[in-house]
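Since the model is a prediction, treat every value here as computed from it, not as a measurement. Only heavy atoms go into these numbers, but all of them, side chains included; no hydrogens, no water, no symmetry mates.
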Amino acid sequence: MIQWRKMNYFVIMYLLLKRLYSLLKQGQSITNNQLEQLGSQYNAKYWQYILMDMTKNGYITGVTKVTRVSGETVKYHNA
């Protein structure tokens, strides 16, 4: 079970990095809507975990954790 979760994490990470690289080659940045659309097929907390973990490990930038009364979420900062 743990191996499946890790594999799922790396597959999602790969898909996100692939999309970011494709946009970079075109001279574009990912929009908030595109990023949200990519994450819409996953559990919101899991998607946020992936984004924060990728940020912490230096794979992506522009994502910060925001703590609100209703709970934690992430905010995107596009360059």
Side-chain angles (χ1 to χ4, degrees):
M1 182 84 168
I2 292 173
Q3 290 178 342
W4 179 83
R5 286 183 183 181
K6 285 187 178 185
M7 177 60 80
N8 195 23
Y9 169 85
F10 289 114
V11 169
I12 295 168
M13 185 174 136
Y14 165 78
L15 293 172
L16 174 56
L17 291 174
K18 179 180 172 185
R19 179 70 177 140
L20 292 173
Y21 180 67
S22 174
L23 288 168
L24 178 64
K25 287 192 319 184
Q26 298 171 29
Q28 300 174 357
S29 296
I30 195 164
T31 66
N32 289 352
N33 288 338
Q34 290 171 323
L35 194 56
E36 288 174 9
Q37 187 178 31
L38 279 172
S40 68
Q41 56 192 322
Y42 309 109
N43 174 292
K45 291 209 178 276
Y46 188 50
W47 178 245
Q48 291 171 11
Y49 167 81
I50 290 170
L51 292 176
M52 289 308 302
D53 197 56
M54 290 178 70
T55 299
K56 180 180 80 175
N57 288 308
Y59 293 108
I60 60 174
T61 60
V63 179
T64 55
K65 187 185 293 188
V66 177
T67 303
R68 297 186 175 146
V69 175
S70 59
E72 290 184 343
T73 188
V74 294
K75 184 175 181 178
Y76 317 123
H77 307 278
N78 292 326

Heavy-atom closest pair, residues [X] and [Y]:
X	Y	result
Y42	W47	CD1-CE3, 3.8 Å
L51	V63	CB-CG1, 4.0 Å
T64	M52	C-SD, 3.9 Å
Q34	L23	OE1-CD1, 3.9 Å

Apply side chain to side chain contact (heavy atoms under 4.5 Å, CB included) to L17 and M54, showing your working.
CA-CA 10 Å; L17 291 174; M54 290 178 70; 3.7 Å; yes

Expected output: side-chain N57 to main-chain Y59 donor-acceptor under 3.5 Å:
no

So, the side chain of S22 versus the backbone of R19: is there a donor-acceptor pair under 3.5 Å, distance only?
no

Tell me which one of N8, L16, L15 satisfies side-chain contact (heavy atoms from CB on, under 4.5 Å) with I12.
N8

Mark yes when over 12 heavy atoms from residues, nucleotides or ligands other than Q37 sit less than 6.0 Å from its CD; otherwise mark no.
no

Between V66 and I50, is there shared hydrophobic-cluster membership here, with clusters defined by ILVMFWY side-chain heavy atoms closer than 4.5 Å?
no

Please say yes or no: joined through hydrophobic side-chain contacts below 4.5 Å, possibly via intermediate residues, are Y21 and I60 part of one cluster?
no

Could you state the interatomic distance from CG (L24) to OG (S29), rounded to the nearest 0.5 Å?
8.0 Å

